[in-house]
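Have a look at the structure below before the remarks.
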Amino acid sequence: MITLYSILLTVSVYHLARFLAAKYSSPLTSPVFISTIIIIFILVASNVSFDEYIPAKNIMTYLLGPATVALAVPIYKNRLLFAKYFGAAIIGISIGIVTTITSAILIAKCFQFSKPFTLALTVKSVTVPVATEIGKIIHGNISLIAAYVIITGMIGAMFGAKLLNLIKVDHPFARGLSIGTIAHGIGTAEAVKEGEVQGAVAGAAMGISAVITSFIIPYLIPLFF
Amino acid sequence: MIRKIGKFSIQMVILIGIYQIGNLTVRIFHLPIPGNVSGIIILFLLLWLRVIQIDHIEMAAGWLLKHLGFFFIPISVGLMTLGPALINKGLSLLFVLIVSAFIGILSAGKATQAVIMKKEKEKVNYHDHAL
């Protein structure tokens, strides 16, 4: 009963959020962000704990895997573009990963974060299933890592496009790549709405950056800890 | 309508199957990538080798991609369990995540665009030269 309630709640809030996003386009109406806030609020108000929500969550996220796999379709359609800009993609993704991890750790050191809080920052831009796997290898706190990853995804989805406008990055390939590298799947979901090229590149960048990150983290961590 | 639902379901089963094969290959060969990324690579290869045609999966794939954001919502709701820890460190944590994400997005976007522009410019120069 609670599971059915949770699913109906999530689906209807999502549709409401899409409607709001279409009507009032702003970072605050980014569907993942606003839906999450509303759903948490309603669950708390109706006395449903996250443990009770988990069965519904498992049913609803069943298709996340196949949905991620579906990204192969826009990647395939834009394969010539990828072949053309392969060098640019590898350079852009690597620079994005290194600058975001380094800046995060340096700022965290200024705030004197404890080691688990700092360590988890290294995987904050990696898609959830990979981030938790890397987390186990580096002995990080898994739920903290998941929280960082989700919040980072929301930040990228909410502000990514606006930031890129600000510095006049208008090439669809560069825009998709940047959002996918930093804001993984949540950013990709937003990039898909901006255009097919952006969505395809974001999805590919998410995958490539996950692989690159898992290779460079073992070398990056000893530099800071 | 019924034919449409049937077609959609078959396409969905194909995508789920490829995802499971992706998971399986990662486990069997101990690959350093997650199952979903492996699934992307497998589906790409199948399309490229023309084992699967785009029309065989486009309906379900398009629907899934349109609602990709939805699948992250139930996971994000999990943030409610971290309430106390996050509120404790709240602002400084948010500051770190926002500033570092902004730096990453700006540098990745600018670097990629710069390399692309450089490449296109070289091409133009080459043509100029040829003229």
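Each chain gets a letter, A, B and so on, in the order the sequences are listed, and its residues count up from 1.
Nearest heavy-atom pair, B:Ala101 versus A:Thr152, reported as atom, atom and distance to 0.1 Å: CB-CG2, 4.4 Å. Nearest heavy-atom pair, B:Ile105 versus A:Gly160, reported as atom, atom and distance to 0.1 Å: CD1-CA, 4.1 Å. Between A:Val69 and B:Leu43, the shortest heavy-atom contact is O-CD2, 3.5 Å.
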Criterion side-chain contact (heavy atoms from CB on, under 4.5 Å) on B:Phe102 and A:Ile182, from CA distance to verdict: CA-CA 9 Å; B:Phe102 280 17; A:Ile182 305 301; over 6 Å; no
In sequence, state the C-alpha distance, the side-chain angles, and the governing distance for A:Leu63 and B:Ile16, and then conclude on side-chain contact (heavy atoms from CB on, under 4.5 Å). CA-CA 8 Å; A:Leu63 289 177; B:Ile16 293 171; 4.1 Å; yes
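Residue A:Ile54: no heavy atom, backbone or side chain, is found under 4.5 Å from chain B. In this structure, the portion of A:Tyr53 lying under 4.5 Å from any heavy atom of chain B is its side chain and not its backbone. For a residue to count as touching a neighbouring chain, one of its non-hydrogen atoms must lie under 4.5 Å from one of that chain's; by this rule B:Ile54 touches chain A with the side chain only. Using a 4.5 Å cut-off between heavy atoms, A:Ile37 does not touch chain B at all.
More than 12 heavy-atom neighbours from other residues, nucleotides or ligands sit within 6.0 angstrom of CZ on A:Phe111. In the displayed structure, B:Lys118 atom NZ is contacted under 6.0 Å by at most 12 heavy atoms of other residues, nucleotides or ligands. Other residues, nucleotides and ligands place no more than 12 heavy atoms under 6.0 Å from the CZ atom of A:Phe41.
For the pair B:Phe44 and A:Arg79, the minimum side-chain heavy-atom distance is below 4.5 Å. The shortest side-chain heavy-atom distance between A:Phe117 and B:Val96 does not fall under the 4.5 Å cut-off. You'll find the side chain of A:Val32 reaches within 4.5 Å of the side chain of B:Ser76, heavy atoms only. A 4.5 Å side-chain heavy-atom check between A:Lys124 and B:Leu97 finds at least one atom pair inside the cut-off.
Listed in order of number, the residues of residues 62-75 of chain B that approach chain A to under 4.5 Å between heavy atoms are B:Trp63, B:Leu64, B:Leu65, B:Lys66, B:His67, B:Leu68, B:Gly69, B:Phe70, B:Phe71, B:Phe72, B:Ile73, B:Pro74, B:Ile75.
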For a quick test of your reading: what N or O donor-acceptor pairs under 3.5 Å do the side chains of residues 106-115 of chain B make, sequence neighbours left out?
unit_1	atom_1	unit_2	atom_2	d
B:Ser107	OG	A:Thr99	OG1	2.8
B:Ser107	OG	B:Ile103	O	2.8
B:Ser107	OG	B:Gly104	O	3.3
B:Lys110	NZ	A:Ile167	O	2.9
B:Thr112	OG1	B:Ala108	O	2.6
B:Gln113	OE1	A:Asp170	N	3.1
B:Gln113	OE1	A:His171	N	2.9
B:Gln113	NE2	A:Lys168	O	3.1
B:Gln113	NE2	A:Asp170	OD1	3.2

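Counting heavy-atom pairs closer than 4.5 Å to chain A, the top residue among B:Ile98, B:Leu47, B:Val99, B:Val37 is B:Leu47.
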